Amino acid sequence: MPGLYIVATPIGNLGDISARAAALLARADVIAAEDTRVTAKLLSHLGLRVPMTPYHDHSDERVRAALVERMASEVVVLVSDAGTPLISDPGYKLVRDARAAGRHVTTLPGPCAAIAAITLSGLPSDRFVFAGFLPSKAKARADTIAEFSGLRASLVFYESGPRLSASLAALAQGLGDREAAVAREISKFYEECVTGTLTELAARYADTPPKGEIVIVVGPPGEAAAEEADDATLDAALREAMADKPVAQAAKAVAKRFGLDRHEIYARALTLKDAG
Ligand code: SAM
């Protein structure tokens with residue numbers, strides 16, 4: 001059937017391509033690829049020769065329009081360099097426009113580093129938030145982390161080796177010293193998953209940035225915090241902290257201790273202070 005087929009490809013081990021994905025690639029009329037040189041290696045592994053065209057969400061509008069046009073009568077396959085297209089990868093605008101044009105859109109699910117990492121981490125997987133890449137500038141990174149700090153969920157971040165230690169330290173600062181995991185080179189020869197608190201992991205990687213591809217998984221605020229952080233406990237902790245610290249610093253320390261949102265705790269500290 002003509003249309004758009006979103007096809008997940010391996011994130012390391014080429015053996016992870018599904019039989020259905022391989023069969024579809026073999027009969028595609030065109031493959032819209034993030035980088036045709038990368039996809040050429042996969043096609044060569046599968047013994048296939050299929051026409052490809054480069055596709056990015058910031059490609060010229062006309063490239064996208066031409067692909068959407070072709071979907072009316074041809075099988076157009078979307079792939080990214082590795083894993084599931086659209087997940088920190090191009091494709092969202094192509095899917096949006098294909099839907100708007102009434103084309104048949106379907107997906108062939110498969111490898112995704114975020115999902116693989118949460119399964120490896122041993123951290124709660126019943127509720128998690130995929131947070132993509134953190135910004136590299138310190139202020140923007142801290143602001144982004146603050147947006148996630150109140151969530152009772154595991155958090156999943158994509159990361160690179162050189163930025164890993166700084167990101168782990170910023171996460172410890174903004175979220176409290178939670179349990180975390182660093183999953184590296186998933187499905188490849190040097191696959192590993194190192195667990196510890198954010199501070200322990202930041203120290204471990206400070207002098208030796210690891211090579212390869214990395215996912216950070218951060219656990220939710222601890223159960224102990226959830227149980228102990230009733231109103232009376234929080235207020236007592238805030239009063240104690242405010243005795244020898246300015247309000248903002250006291251709120252930050254208490255938020256970190258209980259794994260709570262520092263803006264909410266700051267507002268609570270101000271109320272307490274006003275009440276005397
Ligand atoms: N679309 C891909 C997916 O489904 O996972 C992700 C693309 S994103 C541009 C690339 C990032 O994914 C890397 O920087 C790394 O954080 C993560 N990643 C990809 N492959 C990985 C692997 N084998 N092991 C660990 N992380 C990986």
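Keep in mind that this is a model prediction, so the values were computed, not measured. When a ligand or atom number is given, it counts from 1 through the structure's own listing order. Residue numbers count from 1 along this sequence.
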Q: Among all protein heavy atoms, pick the one closest to atom 18 (N) of ligand 1 and tell me residue, atom and distance.
A: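 Looking only at protein heavy atoms, the one closest to atom 18 (N) of ligand 1 is Ala113 CB, 3.4 Å.
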Q: Between Asp143 and Lys139 (salt bridge meaning N to carboxylate O under 4.0 Å), is one present in this structure?
A: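 Yes, charged N to carboxylate O under 4.0 Å.
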Q: Quick test: of every protein heavy atom, which one is nearest to atom 22 (C) of ligand 1, and how far off is it to 0.1 Å?
A: Ile186 N, 3.5 Å
Q: Do the charged groups of Lys211 and Glu185 touch, with an N to O distance under 4.0 Å?
A: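 Salt bridge: no.
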Q: Ignoring hydrogens and geometry beyond distance, is a side-chain donor-acceptor pair present between Asp207 and Tyr205 at under 3.5 Å?
A: no
Q: Show the atoms of ligand 1 that are less than 4.0 angstrom away from any heavy atom in Glu185.
A: 23 (N), 24 (N), 25 (C)
Q: Please write down residue, atom name and distance for the protein heavy atom closest to atom 20 (N) of ligand 1.
A: Glu213 OE2, 3.4 Å
Q: With respect to Ser187, determine whether any N or O atom, backbone or side chain, lies less than 3.5 Å from an N or O atom of ligand 1.
A: no
Q: Do NZ/NE/NH1/NH2 and the carboxylate oxygens of Arg268 and Asp231 come within less than 4.0 Å?
A: yes
Q: So which protein heavy atom does atom 2 (C) of ligand 1 come closest to, and at what separation?
A: Ala82 O, 3.2 Å
Q: Indicate yes or no: at least one non-hydrogen side-chain atom of Ile6 is less than 4.5 angstrom from one of Leu108.
A: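 Heavy-atom side-chain distance check fails, nothing below 4.5 Å.
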Q: Looking only at the side chains, is there a donor atom on one of Thr233 and Asp230 sitting less than 3.5 Å from an acceptor on the other?
A: yes
Q: Do any N/O atoms on Lys188 end up under 3.5 angstrom from N/O atoms on ligand 1?
A: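 In this structure, Lys188 places no N or O atom under 3.5 Å from an N or O of ligand 1.
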Q: What protein heavy atom sits nearest atom 7 (C) of ligand 1, and how far off is it?
A: Asp89 OD2, 3.3 Å
Q: Strictly by modelled atom types, are Ser187 and Asn13 linked by a side-chain donor-acceptor pair under 3.5 Å?
A: no
Q: On a heavy-atom basis, I'd like to know which of Phe130, Tyr158, Phe157, Phe133 is closest to atom 14 (O) of ligand 1.
A: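 Answer by nearest heavy atom: Phe133.
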Q: Would Ile11 count as a polar contact of ligand 1, with the cut-off being nitrogen or oxygen pairs under 3.5 Å?
A: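 So ligand 1 has an N or O lying under 3.5 Å from an N or O of Ile11.
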Q: Pairs of nitrogen or oxygen atoms closer than 3.5 Å, one from Ile87 and one from ligand 1: do any exist?
A: yes
Q: Can you tell me the protein heavy atom closest to atom 9 (C) of ligand 1 and the distance?
A: Ser88 O, 3.2 Å
Q: Does Arg96 make a cation-pi contact with Tyr92, if we ask for NZ or CZ under 6.0 Å from the ring centre and within 45° of the axis?
A: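 Positive - Arg96 is close enough to the ring of Tyr92 and near enough to its axis.
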Q: Starting from atom 26 (N) of ligand 1, which protein heavy atom do you reach first, and at what distance in Å?
A: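 The answer is Val215 CG2, 3.4 Å.
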Q: For Glu159, take its heavy atoms, then give the atoms of ligand 1 lying under 4.0 Å from any of them.
A: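 With Glu159 as reference, the close atoms of ligand 1 come out as 14 (O), 16 (O).
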Q: How long is the gap from OG on Ser167 to CG on Leu201, to the nearest 0.5 Å?
A: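 Atom-to-atom, Ser167:OG and Leu201:CG are 12.5 Å apart.
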Q: State the atoms of ligand 1, each with its element, that fall below the 4.0 Å cut-off from a heavy-atom position in Thr84.
A: 1 (N), 3 (C), 4 (O)
Q: Under a 4.0 Å N-O cut-off, is there an ion pair linking Glu200 with Arg204?
A: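 Between Arg204 and Glu200 there is no salt bridge, as every charged N stays at least 4.0 Å from the carboxylate O atoms.
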Q: If Ile, Leu, Val, Met, Phe, Trp and Tyr residues are connected whenever their side-chain heavy atoms lie under 4.5 Å apart, and connections chain through other members, are Leu78 and Leu24 in the same group?
A: no
Q: Look at atom 15 (C) of ligand 1 and say which protein heavy atom is nearest, naming residue and atom and giving the distance to 0.1 Å.
A: Ile214 O, 3.4 Å
Q: Considering the heavy atoms of Gly83, write down every atom of ligand 1 situated less than 4.0 Å from one of them.
A: 3 (C), 4 (O)
